[in-house]
Asker: 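So that we are looking at the same thing, I have put the structure below in structure tokens.
Naming: A, B, ... by sequence-line order, numbering from 1 per chain.
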Amino acid sequence: MSRASWFSRRAFLGGSAVCVALPLFESLRPRLARGQAMSVPKRFVGYFVPSGQKMDDWTPAGTGSNWQPAGILEPLAPYKASTTVLTGLQNTHQEDNLGAHAGGTGAFLTGRTVPRYKTVMGGPSIDQVIAAAIGQQTSLPSLQLGGEPGSPAGTCDSGYPCAFANQISFTERGVPMPKFSNVNDAFTRLIAGTDTTLSASEVARRAALQISALDVVKEEAADIDGRLSAYERPKFEQYLDSVREVERRIQVAASAPLCNATRPANPVGDAELVQTMSDLMVLAFQCDLTRVISFQWGNAASNRIYGFLDPSIVDGHHNISHHQSLPGKLAQLKTIDTWQITQLAYLAQKLSVVQEADGESLLFHSLIFYSSDVSDGDLHNHDDMPVLLLGQAGGAIRSGRHVAYDHAPWFANLFITIANALDVPITEFGENGDAPLTI
Amino acid sequence: MSAKSYWGAAGCAVLSATLLVGCDDAGISAADPGRDAEVQRPTPIADAGLQRDASGSMPAADGGGLLQADAGALDPELGSLRRLNRTQYNNTVRDLLGTSLRPADQFPPDDLFYGFDTIGDALNVSTLLIEGYQKGASDLIAELLATPSSDAYARFIVCDVVTQKETCARRIFTQFASAAWRRPATRSEINRYVSLYALGATPDEGLRLGLQTILTSANFMFRLEFDPVLNDYAPHALSDYELASRLSYLLWGSIPDDALLLAAKNGNLQSDQGLSQQLDRLLIDPKISAFIADMAGLWLEGRKLGEVQRDPAVFPEWSDDLRDAMRDETQFDLWEVFRQDLPVSELLTAKFTYANEPLAGLYGISGVSGVQLQRVDLSHNNERRGLLTSGTFLTVTSRPNRTAPVLRGKWVLDQLLCTPPPPPPPNVNPNLDSAEFDGLTLRQRMEKHRQAGTTCYACHAWMDPIGLGLENYDAIGKFRSSDEYGAIDASGELPDNPALPFSGAFELGALIAQDSRYVSCVTQQIMTYGLGAKPSPEWVSAILSKAAAGDGPTIKSIVRNLVMSAAFRTRRAAEVQP
């Protein structure tokens, strides 16, 4: 078994980087001992684009295998066999009809409505449920990436907490998980700690010291926890959870595969940004630094300006998404939506050329869930959502098809299916997920 | 969508029930109860969700005279405990260690709520944040130990750990933790760090490890406040050190200094006189600039300038220099109103501002050269006066290629009057570019739209006339007499009962300056920022009523009354909502 075979296939950013696997470590043995020496890990990406899609150019004409990637989806034509388009799904919406963007963004991976005056969701996002099951052997159980930091001032959608506009991943306790929107920071975090000049025993000694320091912090925190009011303890549990996770990461990092990669140049412009983020995703999977990623290309109601696609686009995306059925704005939306799919196809291409130990591609072993906070940006509706899957989760998803549902199944139903496809045996999820969705 | 729930949640009043047709097919019934048949005065929203306990059935205070004075009437409950935000972390380590490192710039962003980054409930903790604290601690302690000439070194590294070993480590840790944690560290707490020290391969490594860990402790990250009786929901006086931190983080966004800690140690903060003395001292300390910078950046949204993009084809003069100058101008103006103790109304009517050459150029003001901002007299200027003519306000409320009167109106309602309008219902957005509007000015287009659809009317009747009155200023704040539709008619109305007519930014500024909603709103904004939670309307009123003397409240008088109020010195644990 050669882990190196799937680490060293591809250079990161122009051929100067190589991922190198260290010899097998103790921590990897249990996975191999189950008689799965040739098994390749499955990977998940929750991929968010803001403010909906131009649905008439999104929805394929035929169903089953009888469809062609056209309109917005045309850039996926080379990957039709790996693509599954699901139409007719709905996600939760806010009771008061306000906060459609923040609500849809908070619900994107959680299948839950968003609280108006709290900053913690009622439950985890599906990527975190998956990470809890398949992410514990990697140095990062999951990675949160994005294309925009939050706005530095002001209120978010209808005064909803900005926590739900700027994040799509939520811990088991529903705590929002911040994302990297800066390539440099993300790269540093992914590759950090691999000081190759240190001996193995010195690495282990330093890790032990760090663990001891965290033990002090935890003992102290336990004293404090006992003195806090019931209302404040959940905040403190966030702290304790985080400290424990840092401790776990230190332990795992000591035996993680070395991944030597060249720091990417700072991206200039949005096209370079999304492509570099995609490269980072591939790198993280390829080096097995994580198996679960969420990617939020834009925050809720993002007003990113797509003038680089077409000089006539001078207004922000969210403003344009309120298209009022004007032909000019609809044309601009189609341009933006198609460009976004082009970037998804870029990721598919990168994943498709990485060959795993079993001879299949990284794309084959991955599952990408791609959708948005709303369906039509002007209607703010949460039914008839634009949903597509990319990859086959190691063969668990029969891809290459368009499945149209007429009973408006929930995202939460689909999330059960996705988790199951990734070998995470859940039977319910979110507010409405009581059974898997048949794809 | 349900029109009823929309109105019920938001509460714009509707002009006339007879107008409730059109605009949206969603079944708005003219007979729908719960809507008044006249324009009401928009008042600061008393939103049930913001008030955790309005029952008034608070247990009787038992904390002595101070609490009985007025805490019984005001609920001092402030939600969840607060951790340091990024700004506070950087300020804290600057004041603790004299460092110029800003480790928190690499921390994950702090989520905003109510427009501020100080809200306890919204300041969550993530693994990334803990990793950031570890990295920050490592860098800061490395710098400390590498600079024996620094004040911080002299203050904390008080003995030679190589020769005196654990005895010295204990002294250093006690000294450092008591400063970093903003209250004396106990012997048993330090015992843990001494044990940690012993694990180091060398005395230096042990010392480094202990010092780093003090900066990753919950005692450092959180501003902890405890209740004498766990889960007893009676208000009680804060401890001396808790009060010292409330005060210093409110005014300096940073750690208490030695004098404040000493006042706490001596119990001086528990008396009106002692607290007042410290308050006066903090208010004139240069570190008060943190308060001004945050209010200018968050309340007045100067921080938003950083993400502003302008279409270069329309605004070729837009530049980073201009952006920076606008941000600084807002800070300088607020600073002067604060420092001179001018009424907060002056922000809207000030006949001065600060500008450098690029900004003065934009403003059409001659005689200003260089990149340094300088004070500019506006006594005889007919285009600039007060906040509503400032580049920051006019720019952050515009779109990349044009002004957005609705956004300007909304900003005034949100930030200056605290009467936010609800967002638009879906799918009723006006098509101001369609053929039926041909030949009309922007004002006429918007008026036609408002009349055409009454779902839109009620809220747009608040927002649009404010923004239309500011149309003399383009999307980067340059003055203009006409736009692409022709000469600008800068008449407008400030929503009230009845609405108050005005013409142009000067008159609007004067109207808002006189408006009781404005001073109430400024008070609410300062309190929300400083307390890290939305204060109850009663608390806002109580602070305002004491601050409003003479020409009206000043920032200092609001802050002073807040700090001296019993509620500020009191804590009540929040109940867990079922």
Side-chain angles (χ1 to χ4, degrees), chain A residues 95-98 100 116-120 149-159 161-163 166 175-178 185 189 205 209 212-213 216-217 219-221 224 227-232 234-236 238-239 242-243 245-246 249 305 307 314-316 319 322 324 326 378-381, chain B residues 1-2 5-6 9 49-50 80-81 106 108-109 111-115 121-122 124-131 134 189 192-193 196 199 209 212-213 216-219 221 224 226-227 230-231 297-298 301 303-304 306-307 309 311 399-401 420 422-423 426-427 429 431 433 573-576:
Chain A
E95 280 298 315
D96 57 8
N97 261 319
L98 301 177
R116 181 71 181 80
Y117 297 108
K118 293 182 186 170
T119 62
V120 172
S151 178
T155 52
C156 290
D157 186 8
S158 314
C162 294
N166 303 338
V175 184
M177 300 177 71
D185 293 347
R189 179 59 194 89
R205 195 188 70 84
L209 277 186
S212 299
V216 167
V217 164
E219 285 170 27
E220 225 172 34
I224 294 167
R227 297 171 63 199
L228 287 176
S229 72
Y231 184 88
E232 293 174 293
K235 181 76 71 187
F236 210 68
Q238 297 179 7
Y239 172 81
S242 302
V243 170
E245 171 58 19
V246 168
R249 289 183 188 182
I305 297 171
V314 291
D315 211 347
N319 295 340
H322 284 279
Q324 310 144 34
L326 292 173
D378 204 28
L379 292 169
H380 281 181
N381 56 316
Chain B
M1 68 158 263
S2 154
S5 66
Y6 170 67
L50 301 179
S80 190
L81 76 164
Q106 306 303 315
D111 279 322
L112 298 169
F113 196 17
Y114 309 126
D121 280 347
N124 289 312
V125 180
S126 61
T127 309
L128 277 185
L129 184 69
I130 301 291
E131 290 181 345
Q134 286 188 311
E189 284 174 324
R192 291 192 176 118
Y193 289 85
L196 194 56
L199 297 178
L209 188 63
Q212 286 177 15
T213 308
T216 50
S217 163
N219 289 304
M221 173 183 281
L224 298 165
F226 295 112
D227 303 308
L230 199 55
N231 295 326
L298 293 163
E301 297 193 351
R303 284 196 201 174
K304 260 196 181 168
E307 60 174 15
Q309 296 183 57
D311 183 357
R399 292 192 172 180
N401 56 334
N427 205 27
N429 287 279
N431 175 0
D433 298 324
E575 293 100 331
V576 176

Asker: Any sub-3.5 Å donor-acceptor pair from A/Gln324's side-chain atoms to A/His322's backbone N or O?
Answerer: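 Answer holds: yes.
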Asker: Which atoms of B/Gln134 are under 4.5 Å from chain A, going by heavy atoms: the side chain, the backbone, both sets, or neither?
Answerer: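 When you check distances to chain A, only side chain atoms of B/Gln134 fall under 4.5 Å.
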Asker: Backbone N or O of B/Asp121 within a donor-acceptor pair of the A/Lys235 side chain at under 3.5 Å?
Answerer: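 Present.
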Asker: For chain B, which candidate among A/Pro234, A/Ala213, A/Ser212, A/Gly316 shows the most heavy-atom pairs at distances under 4.5 Å?
Answerer: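 Most pairs with chain B among the choices: A/Ala213.
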Asker: Below 4.5 Å from any heavy atom of chain B, which atoms of A/Pro161 appear? Answer side chain, backbone, both or neither.
Answerer: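 Both parts, backbone and side chain.
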Asker: Out of B/Leu298, B/Leu128, B/Leu199, which one racks up the most heavy-atom pairs below 4.5 Å with chain A?
Answerer: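 Among B/Leu298, B/Leu128, B/Leu199, the one with the most close pairs to chain A is B/Leu128.
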Asker: Where does A/Val216 contact chain B at under 4.5 Å (heavy atoms): side chain, backbone, both or neither?
Answerer: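 Its backbone and side chain both get close to chain B.
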Asker: Between B/Arg399 and chain A, with a heavy-atom cut-off of 4.5 Å, which part of the residue counts as in contact: side chain, backbone, both or neither?
Answerer: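 The side chain, not the backbone.
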Asker: Is there a side-chain contact between A/Arg189 and B/Glu131 (heavy atoms, below 4.5 Å)?
Answerer: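 Yes, close enough: below the 4.5 Å cut-off.
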Asker: Is the backbone of B/Gln106 close enough, under 3.5 Å, to the side chain of A/Asp185 for a donor and an acceptor to pair up by distance?
Answerer: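 No, the answer is negative, given that no donor and acceptor are paired below the 3.5 Å cut-off.
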Asker: So which of B/Pro108, B/Gly297, B/Ala122, B/Pro109 has the largest heavy-atom pair count under 4.5 angstrom toward chain A?
Answerer: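 Ranked by contacts with chain A, first place is B/Ala122.
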Asker: Go through A/Glu245, A/Glu219, A/Arg249, A/Arg227 and name the one with the most non-hydrogen pairs under 4.5 angstrom from chain B.
Answerer: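 The residue among A/Glu245, A/Glu219, A/Arg249, A/Arg227 with the greatest pair count is A/Arg227.
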Asker: Do you know which of A/Val175, A/Leu228, A/Asn381 has the most heavy-atom pairs under 4.5 Å to chain B?
Answerer: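 Maximum pair count with chain B is reached by A/Leu228.
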Asker: Answer yes if the side chains of A/Glu232 and A/Ser229 hold a donor-acceptor pair under 3.5 Å, and no otherwise.
Answerer: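 There is such a pair (donor and acceptor under 3.5 Å, judged by atom type) between the side chains of A/Glu232 and A/Ser229.
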Asker: Please tell me whether A/Tyr239 and B/Asn124 have a donor and an acceptor in their side chains that are separated by less than 3.5 angstrom.
Answerer: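 Note: A/Tyr239 and B/Asn124 side chains miss the donor-acceptor criterion.
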Asker: With no hydrogens and no angle check, just 3.5 Å: does a side-chain donor-acceptor pair link B/Ser217 and A/Glu220?
Answerer: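 A pair is found: one side chain offers a donor N or O, the other an acceptor, under 3.5 Å apart.
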Asker: As an exercise: rank A/Val243, A/Val120, A/Thr155, A/Leu209 by heavy-atom pairs under 4.5 Å with chain B and give me the winner.
Answerer: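 Going by pairs under 4.5 Å, I would pick A/Leu209.
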Asker: Who among B/Leu112, B/Leu196, B/Thr213 has the most heavy-atom pairs with chain A under 4.5 Å?
Answerer: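 Highest number of heavy-atom pairs under 4.5 Å: B/Leu112.
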Asker: So do the side chains of A/Ile224 and B/Asn219 get within less than 4.5 Å of each other, counting heavy atoms only?
Answerer: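 Yes, their side chains come closer than 4.5 Å.
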Asker: For each of A/Ala100, A/Ser151, A/Gly150, tally heavy-atom pairs with chain B at distances under 4.5 Å, and name the one with the top tally.
Answerer: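 Answer, by heavy-atom pair count under 4.5 Å with chain B: A/Ser151.
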Asker: Just give me the residue among B/Leu209, B/Leu81, B/Asp311 that pairs up with chain A most often, heavy atom to heavy atom, under 4.5 Å.
Answerer: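 Highest number of pairs under 4.5 Å: B/Leu81.
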Asker: Using atom types as modelled and distance alone, determine if a side-chain donor or acceptor of B/Thr127 lies under 3.5 Å from a backbone N or O of A/Val246.
Answerer: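 Not a single qualifying donor-acceptor pair exists.
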